[in-house]
Amino acid sequence: MSLQIEGLSFAWPDASPLFEDFFLECAEGSVTALLGPSGVGKSTLLRLIAGTLARNAGNISRSATRHGRAPVGFVFQDPRLLPWKNVWDNAALALTAAGVPPAEHPERLRPLLDAVGLDGKSPARSLSGGMAQRAALVRALALRPELLLLDEPFTAVDPLLREGLYAVAQPLWSGTTTVLVTHDLGEAARLADRVVVLGAERSGVVRVRQTVEVRAPHPRDVSFRRSEAYTRTVQELEALVFDVAPGERAWHASRA
Amino acid sequence: MPARDVLVVGVAALGFWELGARLWPSPALPPPSAVTVRAAELLGTGLLSHVLDSLARVGAGYLLASLAAVSLGVLLSLGGRPGDAVLGALNSLRPIPPIAWVPLAILWFGLGDPSAIFIVFVGAFFPILLQVAWALRSCPPAWLELAEVLGASSRLTLAEVRLPAALPRIATGLRTGLGLAWTSVVAAELVGAQSGLGYLIQSHRMLLDPEGVLVGMACIGLAGVGMDAIAARLEAAVLRRWGP
């Protein structure tokens, strides 16, 4: 499923516009990283795509969904597991909400839990940060979403755990149109096919500053960080991030 | 506070009371030893049935209040602005102490169990209702956003997210309501019943029997502490299961 955002406008109540006539297109099965400083509006854009925020104008269209697949899977920065449930029940809640019959839950959940190395019976409150984020990933992917939205899902875990999560997650979302919000240049270069660098004008309106293609096959393991494609992409992103055009806010002068 | 410390303080207080009552004897405040003797006498003449009558009224009134308050609390918390308006109106009744309802209760239900049960209901209903409504509205926005992203219906969100998240606070409301139910039944029995601990206190006051009055008060205190201990255990179990 491809994603097209055309002429999007959005403003928080009693605030100046955040998006005005904003365009973005994500090809089917691609991983698009939205890179930008904290507070620029990346997470807001993700919520507008998910439909949990109402846009003021514009169109967010997704191509026709295939039978049996929920349209959107969402992974937040924090795992948001319900602490009174175990891992299985947390993921099963997503399936129940999507109308998947309970008889189908095992065939959806067991392979994913095996892939991420989690026991479904583990109470959510007993999980470490990395385990909880893996459970959140299972919850989103169990829906077999056409579109996967990731809101800085690896930010809160330490670098070693993050490496493990990259290794586990990439094969799981392979082939799914994915939008990843991040402010980590290396993460964007490592995971994305295309990095969309967002910036804010002095008025606060978000613009696409530049798009950088990352041409390398998936999944990309830790050795990719030593590749020329990775080094070149990170350098290109650094140049974009620190080269502030006239009339734009600097990276360090964001709203956050 | 450790139970042993409470016991030490309680025994010391009784000791000072005994000593004071013997040094400065007064019929208005008999010593604990005399109260104990009176309690033993009353045990043979129906003290236990008074305790059981009070407990039965509390049980009935508290159960009805809990069911009504939890159901209404859930409905009002989902009811948007109309729900807020009804909750605000009901909140204005909350400051009226249960004993102020006694005359109306007697008019509506006559003397006896129904009046006392109604007073218990009134005493427990409002604190539970407000706690339930507040707890359901205080669901962490992050969990509500999760339910929205998952596309959960409002019924599923209530059953799987809002209600479980609210359970610890609802349990606290139910515990508070139980304490108020117990104090309400005594107030109701003081004026509108023919049995129970409130009636026992009132009848012994009229017989100028302060030992009997103190026996009734001691029973109220002990039963109240016992009920609160049970409620505290249940509340702790709910917190362990559904708490943060």
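In what follows, every chain begins at residue 1, and chains take the letters A, B, ... in the order their sequences are listed. What you see is a predicted model; the values in this text were computed from it and never measured.
Residues of residues 74-83 of chain A that come within less than 4.5 angstrom of chain B, heavy atom to heavy atom, are A/Phe74, A/Phe76, A/Arg80, A/Leu81, A/Leu82, A/Pro83 in numerical order. Scanning residues 160-184 of chain B against chain A with a 4.5 Å heavy-atom cutoff picks out B/Glu160, B/Val161, B/Pro164, B/Ala165, ordered by number.
In this structure B/Val86 satisfies the side chain to side chain contact (heavy atoms under 4.5 Å, CB included) test together with B/Leu76, B/Leu90, sequence neighbours excluded.
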Residues 95-105 of chain A side chain polar contacts: donor-acceptor under 3.5 Å, at least two apart:
| from | atom 1 | to | atom 2 | distance (Å) |
| --- | --- | --- | --- | --- |
| A/Thr96 | OG1 | A/Ala92 | O | 2.9 |
| A/His105 | NE2 | A/Val100 | O | 3.0 |

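We find the CD-CG distance between B/Glu148 and A/Leu53 to be 8.0 Å, quoted to the nearest 0.5 Å.
In this structure, chain A has a heavy atom under 4.5 Å from the side chain of B/Leu156, while its backbone stays farther away.
Taking a 6.0 Å sphere around CE of B/Met227, one finds it holds more than 12 heavy atoms contributed by other residues, nucleotides or ligands.
The backbone N or O of B/Gly243 sits less than 3.5 Å from a side-chain atom of A/Arg125, completing a donor-acceptor pair.
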